[in-house]
Amino acid sequence: GDLQPELNEIIQKEDLCVASVLSGNRNFEGRVHPLTKANFLASPPLVVAFALAGKVDIDFATEPLCKDAQGNDVFFKDVWPSREEIQATVNSSVTREHFQTVYSKITDGSALW
């Protein structure tokens with residue numbers, strides 16, 4: 001959708017380089033909005049992190065993404081899962097049986113496939 005008219009006006013008047021961060025593969029100029037000149041491709045969790053930050057020129061290692069309800073800085077490291085948490089999730093949800101089931105049907109389909 002469109003931006004608020006006053007934002008469109010400021011972007012054009014100041015010749016701003018407005019950016020977006022998206023997880024799709026269509027990260028070309030104007031894809032998100034006709035006035036976005038810089039579009040960055042990132043993983044879905046990073047898209048959320050940039051949205052929380054509200055800017056693309058952020059150093060995730062040293063700058064807070066936002067503030068919590070009590071006004072405390074929230075850093076990337078506070079919301080990103082640890083390697084252990086990721087491994088535990090993989091171990092509990094990715095199984096040999098799942099891959100066997102899915103890949104046993106990989107060549108099924110119509111003649112067009």
Side-chain angles (χ1 to χ4, degrees):
D2 205 1
L3 300 172
Q4 295 173 351
E6 53 272 12
L7 291 176
N8 285 332
E9 185 179 320
I10 291 168
I11 291 168
Q12 292 172 319
K13 181 180 175 188
E14 301 294 328
D15 193 29
L16 299 177
C17 181
V18 179
S20 72
V21 181
L22 62 158
S23 63
N25 63 355
R26 295 183 171 198
N27 59 328
F28 50 83
E29 185 172 333
R31 167 68 172 103
V32 173
H33 186 276
L35 296 178
T36 56
K37 296 180 182 176
N39 299 284
F40 299 96
L41 188 60
S43 67
L46 282 175
V47 171
V48 172
F50 280 109
L52 288 171
K55 60 183 187 173
V56 295
D57 60 339
I58 182 171
D59 179 350
F60 286 130
T62 61
E63 297 178 59
L65 295 174
C66 57
K67 299 218 181 258
D68 66 15
Q70 289 73 42
N72 301 308
D73 287 341
V74 177
F75 290 87
F76 185 78
K77 66 180 180 176
D78 300 326
V79 297
W80 196 259
S82 68
R83 289 182 185 269
E84 294 79 16
E85 291 171 314
I86 293 169
Q87 191 61 54
T89 301
V90 169
N91 291 345
S92 69
S93 60
V94 178
T95 66
R96 175 185 176 110
E97 294 77 22
H98 173 75
F99 279 93
Q100 287 174 329
T101 301
V102 170
Y103 286 103
S104 69
K105 303 174 193 168
I106 199 161
T107 58
D108 292 355
S110 70
L112 296 174
W113 177 247

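Under a hydrophobic clustering in which Ile, Leu, Val, Met, Phe, Trp and Tyr are joined whenever their side-chain heavy atoms come within less than 4.5 Å, directly or via other members, Val94 and Ile106 fall into the same cluster. Connection of Phe75 to Leu52 is not established within any shared hydrophobic cluster, with ILVMFWY side chains joined at heavy-atom distances below 4.5 Å, either directly or through further cluster members.
In this structure the side chain of Leu65 reaches within 4.5 angstrom of the side chain of Phe60, judged on heavy atoms. With a 4.5 Å cut-off on side-chain heavy atoms, Val79 and Val48 do not count as touching. Side chains of Lys67 and Asn72 form no contact here, defined as non-hydrogen atoms less than 4.5 Å apart.
Residue His33 holds its NE2 atom at 9.0 Å from CG of Leu7, rounded to the nearest 0.5 Å. The CD1 atom of Ile11 lies 10.5 Å from the CD atom of Glu6; values are rounded to the nearest 0.5 Å. Between Asn8 atom CG and Leu3 atom CG the span is 5.0 Å, to the nearest 0.5 Å. From Thr95, atom OG1 reaches atom CD of Gln100 across 8.5 Å, with rounding to the nearest 0.5 Å.
When every heavy atom of Leu35 is checked against every heavy atom of Val18, the shortest pair comes out as O-CB, 3.8 Å. Taking each heavy atom of Val32 and Ser20 in turn, the nearest pair found is CG2-OG, 3.3 Å. Nearest heavy-atom pair across Val56 and Ala19 is CG2-CB, 3.9 Å. Across Phe50 and Lys55, no two heavy atoms sit closer than the pair CD2-O, 3.4 Å. Nearest heavy atom pair, residue Ser43 against residue Ser23, reads C-CB, 4.4 Å.
Using modelled atom types and a 3.5 Å distance limit, the side chains of Asn91 and Gln87 yield a donor-acceptor pair.
In this structure, the side chain of Glu63 engages the main chain of Asp59 through a donor-acceptor pair within 3.5 Å.
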Applying side-chain contact (heavy atoms from CB on, under 4.5 Å), run through Phe76 and Leu46 and close with a yes or a no. CA-CA 9 Å; Phe76 185 78; Leu46 282 175; 3.7 Å; yes
